[in-house]
Amino acid sequence: MIQNFWANAAYSLIPTILLGLIFWLVMRSIFRADRTERKVYAEIEAEERARFDAENAAAPSSATREP
């Protein structure tokens, strides 16, 4: 009787634990991918802003010349 109880308890808990573990792994990978994507996007945006600022810094000197 006791052996049957522990087998039933194990069979009841193992699927729940496995589904919880799979859910945790999926959510972890989603959050890591999002974090990486935001980091890369911030780097690209910083490069674009620096390029835009450099172009604007050079533009007024050439734009002030009149033909």
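Computed from a predicted model, the values in this text were never measured in an experiment. Residue numbers count from 1 along this sequence.
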Asks: Nearest 0.5 Å, please: how far is CG in L13 from CG in N8?
Replies: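 Separation between the atoms: 11.0 Å.
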
Asks: Once rounded to the nearest 0.5 Å, what's the spacing between atom CG of N4 and atom OH of Y11?
Replies: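 Those atoms lie 10.0 Å apart.
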
Asks: Any idea which heavy atoms bring P15 and A10 closest together, and the distance?
Replies: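 In terms of heavy atoms, the two residues are closest at CD-O, 4.4 Å.
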
Asks: Taking salt bridge (charged side-chain N to carboxylate O under 4.0 Å, His left out) as the definition, give me every residue that meets it alongside R49, ordered by chain and number, with sequence neighbours left out.
Replies: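 So R49 forms a salt bridge (charged side-chain N to carboxylate O under 4.0 Å, His left out) with E45.
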
Asks: Could you pull out all residues at least two apart from D34 that satisfy side chain to side chain donor-acceptor pair (under 3.5 Å)?
Replies: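 Testing D34 for side chain to side chain donor-acceptor pair (under 3.5 Å), a comparison that skips the adjacent residues, returns R38.
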
Asks: Using the side-chain contact (heavy atoms from CB on, under 4.5 Å) criterion, which residues pair with R51? Sequence neighbours excluded.
Replies: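 Partners of R51 under the side-chain contact (heavy atoms from CB on, under 4.5 Å) test: E48, E55.
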
Asks: CD of E37: more than 12 outside heavy atoms within 6.0 angstrom?
Replies: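 No - once you tally the heavy atoms of other residues, nucleotides and ligands closer than 6.0 Å, there are 12 at most.
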
Asks: Can you hop from I14 to F23 via hydrophobic side chains spaced under 4.5 Å?
Replies: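 As far as the 4.5 Å side-chain criterion goes, F23 and I14 are not connected within one cluster.
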
